[in-house]
Trainee: 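To start, I am sharing the structure in question, which I have written as structure tokens.
Just follow the structure's listing: the first ligand is 1, and inside any ligand the first atom is 1. Numbers here simply count residues along the sequence, with the first being 1.
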Amino acid sequence: MSTGLILGIESSCDETAAAVVQRGSRTLSSVVASQIATHARYGGVVPELASREHLRAIVPVVRAALAQANVALADLDAIAVTAGPGLAGALLVGITYAKALAFAQGLPLIAVNHIEGHIHAVLLHERESSSFPTPPDQAAEADESALALVVSGGHTHLFHAQPRETGWSYKLVGRTLDDAAGEAYDKVAKLLGFGYPGGPWIDALARFGDPDAVHFAFALMKTKLHMVGKIPRTKGARTSPIADLDPHFLFSFSGIKTAVLRYVELNNLRPAALLRAKSIPASSRPPRSKDEALALCSQQVLDLIASFQHAVVGDLMKKSFAAAESLGARRILVTGGVAANSELRARFAAESARRRLQVAFPTLALSTDNAAMIAAAAWPRLLSGTFADTSLSADPTMALGR
Ligand code: KG4
Ligand code: ZN
């Protein structure tokens with residue numbers, strides 16, 4: 001009987017990651033080499049630099065994952081790799097290496113959708129923290145259907161996720177029409193003078209401000225006639241046409257960034273970038289620590305940060321709970337980089353308790369990009385024998401669900 005050991009490889013954006021996961025429920029190792037230092041000075045991910053860094057990191061990262069798991073290539077049952085969505089050149093590094101390893105070892109290759117990987121980060125964490133000693137052999141375990149919110153720097157999607165005999169099925173129920181929520185965090189942080197990625201800065205500073213100080217409104221997205229048949233013009237995954245989705249479950253995060261910018265200009269605010277020039281004249285760098293950032297921000301800037309976060313989290317909550325209710329889902333899975341946010345976790349937990357729904361998050365390490373989630377998502381495919389062949393290529397706009 002196979003031991004169910006899968007090596008996962010992830011290189012879709014700015015993290016080179018490899019992990020060994022057993023039967024989709026036990027992480028033997030999870031190694032993540034972050035490129036944050038490379039991209040930080042540009043305030044965002046530079047695709048060419050990302051590919052170059054993946055090339056440098058992929059071999060040592062995979063070796064480290066095998067060594068930490070105390071597993072040899074010959075012990076593996078399959079190799080799983082992110083096939084999309086993501087940056088084409090970045091994806092290709094992981095795919096090419098995974099193909100070569102699978103071919104050389106005579107192992108099956110499993111192609112995984114990055115967004116599905118994020119959903120499995122929650123399921124993996126649930127299984128690891130559950131008291132069942134023996135992991136289930138069927139993906140269609142006790143997991144009932146769930147509303148999944150995948151919210152990261154590249155995606156803001158709502159799915160109806162349902163366990164089936166042969167794995168999970170996903171139906172897209174909502175999405176952003178423009179920026180992802182994490183992108184809004186990154187852009188607002190950048191305009192206020194903080195480093196990349198912006199989410200952790202805003203998360204840390206928001207608790208010092210008044211969330212009701214500035215009112216940011218999210219209007220209901222209207223499905224206008226001219227949108228019929230169109231798909232959103234975002235860089236993320238291709239999805240159903242907008243008109244097929246309920247407007248109550250559509251997001252838009254590009255406006256709030258502009259609203260923050262306008263507020264800064266109108267109020268002549270001195271955010272960290274401007275203050276920096278005054279208070280630390282010898283330096284042209286963003287603040288290095290949360291304490292330094294806090295000292296640089298006026299109370300009005302802290303109030304702005306808190307209000308921004310409160311509005312974004314409120315909008316994510318409102319639409320997620322409405323979608324769960326309309327689908328009759330009793331469970332909500334929240335995942336992706338923004339799921340690391342402390343206010344988001346606290347408010348989703350409180351609202352779920354109030355509505356008697358279950359809510360689950362991955363661990364903080366599994367919230368952002370990693371390869372354990374890719375290996376976990378591949379487990380049902382190994383069981384059902386759904387493998388990729390050597391023609392596998394990168395699919396930068398790979399869709400998930402119908
Ligand atoms: O999942 P991820 O690592 O990569 C993508 O697939 O995009 O997510 C990265 C995103 C970034 O936009 C980052 O600012 C955001 O997640 N993020 C956060 C927090 N930690 C990371 N946003 C809000 N609060 C956080 N604590
Ligand atoms: Zn991601």
Trainee: Which residue owns the protein heavy atom closest to atom 7 (O) of ligand 1, what's the atom, and how far is it?
Mentor: G153 N, 2.8 Å
Trainee: Quick check on contacts: which atoms of ligand 1 are under 4.0 angstrom from a heavy atom of V338?
Mentor: 16 (O), 18 (C), 22 (N)
Trainee: Should R355 and E325 count as an ion pair when the cut-off is N to O under 4.0 Å?
Mentor: yes
Trainee: Just checking, is any N or O donor in the side chain of T3 or D75 under 3.5 Å from an acceptor N or O on the other one?
Mentor: no
Trainee: Is there a nitrogen or oxygen of S342 sitting under 3.5 Å from a nitrogen or oxygen of ligand 1?
Mentor: no
Trainee: For atom 2 (P) of ligand 1, which protein heavy atom lies nearest, and how many Å away is it?
Mentor: D369 OD1, 3.5 Å
Trainee: To check your reading of the model: name the closest protein heavy atom to atom 14 (O) of ligand 1, its residue, and the distance in Å.
Mentor: D186 OD1, 2.6 Å
Trainee: Just which atoms of ligand 1 are under 4.0 Å from any heavy atom in G182?
Mentor: 12 (O)
Trainee: Return yes if a side-chain donor-acceptor contact under 3.5 Å exists between D179 and S254, otherwise no.
Mentor: no
Trainee: Mind checking whether A340 has a heavy atom under 4.0 Å from ligand 1?
Mentor: yes
Trainee: Could you establish whether Q309 and ligand 1 come within less than 4.0 Å of each other, counting only heavy atoms on the residue side?
Mentor: no
Trainee: Out of all atoms in ligand 1, which are within 4.0 Å of some heavy atom of G198? Include the element for each.
Mentor: 14 (O)
Trainee: Starting from atom 24 (N) of ligand 1, find the nearest protein heavy-atom neighbour and note its residue, name and distance.
Mentor: N341 ND2, 3.0 Å
Trainee: Verify whether one side chain among H310 and R347 offers a donor that lies under 3.5 Å from an acceptor in the other.
Mentor: yes
Trainee: Ligand 1 and Y185, any nitrogen or oxygen pair closer than 3.5 angstrom?
Mentor: no
Trainee: Counting the benzene-type ring for Trp, do F216 and F218 have ring centres under 6.0 Å apart?
Mentor: no
Trainee: Short question: side chain of D395, backbone of G84 - any donor-acceptor pair under 3.5 Å?
Mentor: no
Trainee: Considering both backbone and side-chain atoms of H155, is one of its nitrogen or oxygen atoms within less than 3.5 Å of a nitrogen or oxygen in ligand 1?
Mentor: no
Trainee: Could you tell me the residue and atom name of the protein heavy atom closest to atom 20 (N) of ligand 1, and the distance to it rounded to 0.1 Å?
Mentor: G337 O, 3.5 Å
Trainee: In terms of atom number and element, which parts of ligand 1 are under 4.0 angstrom from non-hydrogen atoms of T368?
Mentor: 1 (O), 3 (O)
Trainee: Looking only at distance, does E183 have an N or O less than 3.5 Å from an N or O of ligand 1?
Mentor: no
Trainee: In ligand 1, which numbered atoms sit nearer than 4.0 Å to a non-hydrogen atom of G154?
Mentor: 7 (O)
Trainee: Which atoms from ligand 1 have a heavy atom of S152 less than 4.0 Å away?
Mentor: 1 (O), 5 (C), 6 (O), 7 (O), 8 (O)
Trainee: How many degrees, to 10°, between D369 OD1 and H118 NE2 as seen from the Zn ion (ligand 2)?
Mentor: 100°
Trainee: Anything under 30° is parallel, anything over 60° is perpendicular, the rest tilted; go ahead and classify H118 against H114.
Mentor: perpendicular
Trainee: When you measure from the side chain of T176 to the backbone of A181, do you find a donor-acceptor pair of N or O atoms at a distance under 3.5 Å?
Mentor: no
Trainee: Got a sec: is H155 within less than 2.8 Å of the Zn ion (ligand 2) via an N/O/S atom?
Mentor: no
Trainee: Can you confirm whether or not the ring centre of Y185 sits under 6.0 Å from the ring centre of F308?
Mentor: yes
Trainee: Quick one: do R56 and E53 make a salt bridge, cutoff under 4.0 Å?
Mentor: yes
Trainee: Which residue and non-hydrogen atom of the protein lie closest to atom 22 (N) of ligand 1, and at what distance in Å?
Mentor: G199 CA, 3.3 Å
Trainee: In this structure, are over 12 heavy atoms from other groups packed under 6.0 Å from R52 atom CZ?
Mentor: yes
Trainee: Looking only at side chains, do H54 and T16 share a donor and an acceptor under 3.5 Å apart?
Mentor: yes
Trainee: Are D186 and K190 close enough for a salt bridge, meaning some N to O gap below 4.0 Å?
Mentor: no
Trainee: Can you list the atoms of ligand 1 that are under 4.0 Å from a heavy atom of H114?
Mentor: 6 (O)
Trainee: Could you list the atoms of ligand 1 found under 4.0 angstrom from a heavy atom of P197?
Mentor: 13 (C), 14 (O)
Trainee: To the nearest 0.1 Å, how far is atom 26 (N) of ligand 1 from its closest protein heavy atom, and which atom is that?
Mentor: D203 OD2, 2.9 Å
